[in-house]
**Student:** 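The structure follows.
All chains are named by letter (A, B, ...) in the order of the sequence lines, taking the proteins before the strands, and each is independently numbered beginning at 1. Computed from a predicted structure; not experimentally measured.
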Amino acid sequence: MTAYTGDSGSYLGSCTFLNMTGDLTVVWDEQNREKMLALIKKKMDEGYSFFTTKKFAFKRLSRKVKVTPKNVDQIEEIIVTDEQFEKMCADMNDKDIATLVRGNDAGLAKRTGKKQLDAMVRARKPEDVIGRDSLAVRPVVGG
Amino acid sequence: MQVSSAYAVEYAQPIAEIADHGENDDITAISIPPNTQIILPDNGILAADGIITNGRHIRIVTNATMATYYSGDGLGSTNLTVPASFTQIVIPWNCTGYITPSTATGIAVGSAGIWYNMTGDWTQVTPGQIYRPKPRRGPLIKKSVKSSIKRALKLISNFGMEEDVRIFLGGETIEVSHPDSLFKFVMTKSYNSLLHRTEFAAYSTPYKLELYTKTDVHIANLCVVMKETPILDQVLALAMFVKTGCEVDILHKANYSSLNNDKELRNLLAGDDSIMRQKLRVDDVEINGQFNYDIGSINAAQIVQGALPIEMR
C-alpha cells in the first residue's frame with residue numbers, strides 16, 4: 001500500500017503525532033484533502049495542538065514493493081512488512097488516524113530533515129495544517 | 001543430572017531396586033561429574049532418569065533401573081564419589097529426609113546439617129556453601145521503552161534541542177522562554193523518572209516545572225501534562241508551545257503551587273488576564289494569615305456566627 005505515487009513533491013502535507021511509543025508521521029495527498037481536513041478538525045476539537053512549518057524532507061514508507069535486481073536502485077521508499085505496519089498503526093493508539101492509514105487515505109513516512117523550533121507556527125484552524133508539515137501534540141491538561 | 005518436580009511424575013512404588021539396604025550389600029558407586037547439579041525434591045517425586053526421594057530412601061534411576069543408595073533408617077551403605085572439584089548439590093529448603101553414608105567419600109544430609117567427605121574426614125558444610133539457584137531475571141529495560149526513548153531523542157534532535165535534552169537527562173535544569181515574554185520555564189528531571197514516565201502516562205508533570213521571571217524570581221511551581229505522551233516528548237512539546245509564543249496555553253491550563261508570597265508581584269505579572277489573576281490568586285484574600293479564599297466563596301453566615309474570624313489584608 002502506498003499513499004501516493006510519484007516523487008515526494010506530489011504530497012500535500014504531513015503531520016507527526018506524538019504518542020506513548022514515540023512519534024509517527026502520516027502524509028496525505030490532494031485527493032485525500034477533505035478527509036484529512038475532517039480529521040484535523042476533529043483532533044483540534046478534541047484539544048490537539050498543531051504546530052506547522054515549511055516542508056520537511058522525509059521518506060515515504062511503502063507496505064509492499066517487490067524488489068528485483070532491476071528496480072532495486074530505483075526504489076526510494078522505505079519498505080516495511082505488514083507486521084511492522086500493523087504495529088505502527090497499533091502504536092498510534094488512535095483509531096481515526098489508523099483508519100485513514102489502513103484505508104490508504106494517508107500514508108506513513110519517516111522524517112529525515114531538521115527544523116528549528118523557532119520556525120514552527122501554531123495552527124489555529126485545519127486549513128493551516130492541511131497544506132503544510134506539522135507536529136501534533138495531544139491535549140494539554142493541568143496536572 | 002538434574003531433577004525438578006516440574007518435570008517428574010509421581011509413582012506409587014519404585015520401579016526397581018538394585019539393592020535393598022537390609023539384604024544386599026551390592027552397592028554401586030556413582031561418580032558425579034564436576035559441577036553436577038542435583039536438586040533433591042522434597043516430596044518423593046519420581047523422575048524417569050533422575051533422583052527420587054520418598055522420605056526414607058534416595059534412589060537414583062538410570063535407564064529405568066533404580067538403585068537405592070540411602071536409607072532413612074541408617075542401614076544402607078552407599079558410595080557417592082564426589083570428585084575433588086566442586087559439585088553442587090541443591091537441597092530444597094524444607095527437605096526433611098536424612099542420609100547416613102558409610103565411611104567412604106560422599107555427602108550426608110543429617111538432621112544436624114549437611115556434611116561432605118572427600119578425604120576420609122567428614123566436614124560440615126557451612127551455611128554459606130549451600131544455596132539455591134538464583135531465578136533468572138528479565139531484561140532491565142523493556143525494548144518498547146528503549147525504542148520510545150530513542151525515537152524521542154531523534155525527534156528532539158530534529159528540532160535542535162539535543163544539547164538541552166542531554167543536560168536535562170543529566171539532572172540539570174534547562175530553561176525555555178520566548179523573547180517577548182516576562183516568564184521563563186525551568187525544567188528539572190526528577191530522579192529515576194525517565195523509564196517509568198516513558199512507559200506509563202500519568203496525571204502529573206513528569207518532571208519538575210517551575211515558572212520564573214527572567215530576572216530569576218520564582219513565581220510558582222506548575223503542574224501540566226500532555227495526555228498520553230512520554231516524558232521527553234512532553235519536554236519537546238512544552239518547548240514548542242513556549243518558542244512559538246503560545247505559552248499562555250500552558251499557563252492557563254497548568255495548576256499552580258508554591259506561589260510567590262509577593263502579591264504585588266503576582267498582580268503585576270497577571271495584568272488584566274483574568275485566568276492568570278485566578279491562577280496567581282491575585283484577588284484572593286488571606287484569612288487567618290493562612291488560607292487564601294476567593295472573596296465570593298466566603299460563607300457570610302459563617303462570618304456572622306464567628307466561625308471564621310477574619311484578618312483581612
Side-chain angles (χ1 to χ4, degrees), chain A residues 14-25 43-44 46-59 61 84 87-88 90-95 97 108-124 128-129 132-143, chain B residues 144-162 164 176 178-179 197-206 209 221-234 236-246 248-257 279:
Chain A
S14 75
C15 186
T16 299
F17 289 87
L18 303 182
N19 57 65
M20 282 307 293
T21 56
D23 59 288
L24 194 74
T25 302
K43 292 300 174 191
M44 282 186 168
E46 289 176 1
Y48 279 62
S49 302
F50 288 82
F51 298 90
T52 63
T53 184
K54 293 180 183 177
K55 295 190 184 298
F56 281 106
F58 61 85
K59 293 183 180 180
L61 297 178
Q84 285 176 304
K87 186 178 185 307
M88 291 166 89
D91 288 346
M92 271 188 259
N93 194 24
D94 190 312
K95 288 181 184 175
I97 299 169
L108 299 177
K110 183 176 181 181
R111 186 189 304 105
T112 57
K114 289 198 173 189
K115 274 296 170 190
Q116 292 299 318
L117 276 177
D118 300 3
M120 307 296 285
V121 174
R122 176 83 179 272
R124 296 293 178 183
D128 295 338
V129 178
R132 302 173 76 86
D133 294 320
S134 56
L135 183 137
V137 177
R138 289 185 179 235
V140 177
V141 296
Chain B
S144 61
V145 173
K146 268 191 195 175
S147 169
S148 181
I149 292 172
K150 279 175 74 174
R151 292 178 72 124
L153 290 174
K154 194 165 185 184
L155 179 67
I156 288 168
S157 172
N158 282 343
F159 285 99
M161 277 189 69
E162 56 268 52
D164 297 281
V176 180
H178 191 275
R197 297 310 295 267
T198 297
E199 185 177 2
F200 300 106
Y203 298 102
S204 61
T205 311
L209 178 61
N221 291 352
L222 304 183
C223 193
V224 64
V225 181
M226 288 86 187
K227 285 183 176 180
E228 295 182 11
T229 305
I231 176 174
L232 292 181
D233 298 76
Q234 290 202 39
L236 173 66
L238 181 79
M240 194 158 293
F241 273 97
V242 174
K243 289 288 190 181
T244 56
C246 300
V248 67
D249 292 331
I250 302 293
L251 293 173
H252 282 187
K253 290 281 174 58
N255 288 324
Y256 290 60
S257 62
K279 293 287 186 181

**Student:** Thr229(B) versus chain A, heavy atoms under 4.5 Å apart: side chain, backbone, both or neither?
**Tutor:** both

**Student:** Just jot down the side chain to side chain contact (heavy atoms under 4.5 Å, CB included) partners of Pro230(B), sequence neighbours excluded, or say none.
**Tutor:** Met20(A), Ser148(B), Thr198(B), Asp233(B)

**Student:** Would you give the length of the straight line joining atom SG of Cys246(B) to atom CE of Met120(A), rounded to the nearest 0.5 angstrom?
**Tutor:** 11.0 Å

**Student:** Report the option among Val225(B), Asn255(B), Thr205(B) that has the most heavy-atom pairs separated by less than 4.5 Å from atoms of chain A.
**Tutor:** Val225(B)

**Student:** Quick one: side chain to side chain contact (heavy atoms under 4.5 Å, CB included) partners of Val140(A), sequence neighbours excluded?
**Tutor:** Val224(B), Met226(B), Phe241(B), Ile250(B), Lys253(B)

**Student:** Can you find a heavy atom in the side chain of Leu18(A) that is under 4.5 Å from one in the side chain of Gln234(B)?
**Tutor:** no

